[in-house]
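Every heavy atom of this structure was used, including side-chain atoms; hydrogens, water molecules and symmetry mates were not.
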Amino acid sequence: MDVTNQTTVVEFVFSGLTDNDILKSVLFILFLHVYLVTIVANLGLVAIVRTTSTLQNPMYYFLSYLSLVDIFYSSTITPKMLVDLSCWKNTISFEGCALQFFFYAALAATESFLLSTMSYDRYVAICHPLHYVSIMTKKKCLSLVLVSFSIGFLQSSVQTSFAFTVQFCGSVLIDHFYCDVPSVLRLSCSDTSTSGMMVIMSLIGFYGISSLSTILISYVFIIVSILKIKSAKGRQKAFSTCSSHIICASVFYGSVFLTYLHSPSDDNVRESKVAAVIYSVMTPMLNPLIYSLRNQEVKKVIVQVIHNLSPFHTSLKNG
């Protein structure tokens, strides 16, 4: 395919979240605070995991990488969205649109595989506790992280190459607030069946079969093992180590499938944007908060850090 003369547009225009100026101001303030909390919470969680001796195990190792992915994942969408909410003309260059989608798709897929890796870690911890240390070695944990990133960026390269080598010669208005493949492909005046099929295959293959099935299968074995525990306290303790992961995975996959697995009609545009806000803006903020509030070990460390940094504790220490 000769693509040198097919791309005639130099920039795209986003329809954005709303045309109401008052609502734009409200959303700008809201999402600015959400983004700041996302950065601070995830950086804080990474710092706590990397500097606390009691958190040096595979579960928190994977969690620190999940937080790093959330920082960059949110940063591919939110800053541009904040700029557009404060401007009249919401434009992005063709190259900028391709880059935004590339990193967004790569980091989203990486997050999904990290979530499946974390479910595998919980499976080993609960179903094979005596062999946990020998199975989840540092080398294996690093390999699982590298595989997650490699697959994420590889599938994103394929999606981006298919989506942005079609012919654009009509409207440049993307009915969204960021460069998403289905919205971009609707602007093409060439055959997009192959590109559309690649998006569907990516969703079904990478997110569904590979990642989500790993999580579901892991939790089937986990639930069976938990039910075999005789004491109620033991069952509760075992389940509590998985509850944060279950919530984060449910929010992520629920919003992703709500966005993509529907017919591309105008009636679904608003619902699609709301779901996209959840998994691209809200989820990166929710992940560290959920793990911080529901995980007792992380909560203890945070309380201790706040206590050590408090003026009253500092004055007593100096006194």
Side-chain angles (χ1 to χ4, degrees), residues 37-38 41-42 45-46 48-49 55 57-70 73-74 107-129 132 135-136 141 144-145 148 152 203-204 206-229 231-261 275 277-302:
V37 172
T38 298
N42 281 291
L45 192 55
V46 171
I48 287 173
V49 170
L55 301 182
N57 61 56
M59 182 174 73
Y60 298 109
Y61 177 79
F62 295 131
L63 179 58
S64 65
Y65 277 101
L66 183 68
S67 291
L68 285 175
V69 169
D70 279 334
Y73 175 51
S74 176
L107 293 167
T110 301
E111 174 149 344
S112 72
F113 279 95
L114 283 175
L115 287 171
S116 64
T117 298
M118 294 169 75
S119 70
Y120 170 72
D121 170 71
R122 291 299 84 207
Y123 156 74
V124 176
I126 294 175
C127 300
H128 304 283
Y132 180 70
I135 295 175
M136 300 303 295
C141 291
L144 289 171
V145 169
S148 297
L203 283 170
I204 297 176
F206 289 102
Y207 288 93
I209 298 175
S210 301
S211 181
L212 183 58
S213 62
T214 301
I215 296 175
L216 295 176
I217 293 172
S218 296
Y219 276 107
V220 168
F221 286 105
I222 288 172
I223 292 171
V224 171
S225 296
I226 291 177
L227 292 176
K228 291 180 180 179
I229 300 175
S231 66
K233 186 176 181 181
R235 290 195 296 268
Q236 183 180 1
K237 183 178 180 180
F239 182 76
S240 66
T241 63
C242 306
S243 58
S244 298
H245 178 267
I246 293 173
I247 295 173
C248 292
S250 298
V251 172
F252 179 81
Y253 281 100
S255 55
V256 166
F257 290 135
L258 183 63
T259 301
Y260 292 106
L261 298 185
V277 167
I278 294 174
Y279 76 80
S280 65
V281 181
M282 303 301 294
T283 299
M285 178 191 71
L286 293 175
N287 284 344
L289 296 181
I290 290 170
Y291 272 96
S292 299
L293 295 175
R294 295 190 61 85
N295 189 289
Q296 293 300 321
E297 291 184 73
V298 176
K299 192 185 297 185
K300 286 179 182 178
V301 174
I302 293 175

Inset, instruction - Grab the two heavy atoms, one from Val49 and one from Tyr60, that are nearest each other, plus how far apart they are. - result: CG1-O, 3.2 Å

Inset, instruction - Determine yes or no for a side-chain-to-main-chain donor-acceptor pair under 3.5 angstrom, with Asn42 supplying the side chain and Pro284 the backbone. - result: yes

Legend entry - Considering all heavy atoms, the nearest Val69-Leu107 contact: CG1-O, 3.5 Å

Inset, instruction - Kindly determine whether Glu111 and Thr283 satisfy side-chain contact (heavy atoms from CB on, under 4.5 Å), including the steps that lead there. - result: CA-CA 11 Å; Glu111 174 149 344; Thr283 299; 4.1 Å; yes

Inset, instruction - Measure the acute angle between the ring planes of Tyr279 and Tyr73, then classify it against the limits of 30° and 60° as parallel, tilted or perpendicular. - result: parallel

Legend entry - Listed partners of Tyr120 passing ring pair (Phe, Tyr, Trp, His ring centres under 6.0 Å), at least two apart: none

Inset, instruction - Supply the atom-to-atom distance Thr110 OG1 to Leu68 CG, rounded to the nearest 0.5 angstrom. - result: 12.0 Å

Side-chain donor-acceptor pairs of residues 215-227 under 3.5 Å, sequence neighbours excluded:
unit_1: Ser218; atom_1: OG; unit_2: Thr214; atom_2: O; d: 2.7
unit_1: Tyr219; atom_1: OH; unit_2: His245; atom_2: ND1; d: 2.8
unit_1: Ser225; atom_1: OG; unit_2: Phe221; atom_2: O; d: 3.0

Legend entry - Ser243 vs Phe239 side-chain heavy atoms within contact, under 4.5 Å: yes

Legend entry - Val251 side chain reached by Ile278 side chain, heavy atoms, under 4.5 Å: yes

Inset, instruction - Please confirm whether the backbone N or O of Leu212 pairs with a side-chain atom of Ser116, one donor and one acceptor, at under 3.5 Å? - result: no

Inset, instruction - To the nearest 0.5 Å, tell me how far Met282 CE sits from Phe252 CZ. - result: 15.5 Å

Legend entry - Exercise: identify the closest heavy-atom pair between Ala238 and Thr241: O-OG1, 2.6 Å

Legend entry - Least distance between heavy atoms, Tyr132 atom then Met59 atom: OH-N, 4.0 Å

Inset, instruction - Mind checking the SG-CG spacing from Cys248 to Leu114? Nearest 0.5 Å is all I need. - result: 12.0 Å

Legend entry - Euclidean distance, Leu144 CG relative to Tyr61 OH, rounded to 0.5 Å: 9.0 Å

Legend entry - Taking every non-hydrogen atom, the tightest pair across Cys141 and Phe62: O-CE2, 3.6 Å

Inset, instruction - Taking all non-hydrogen atoms of both residues into account, name the closest pair between Ile229 and Arg235 and its distance. - result: O-NH1, 2.7 Å

Legend entry - Rounded distance (nearest 0.5 Å) linking atom CG of Leu45 with atom CG of Leu55: 8.5 Å

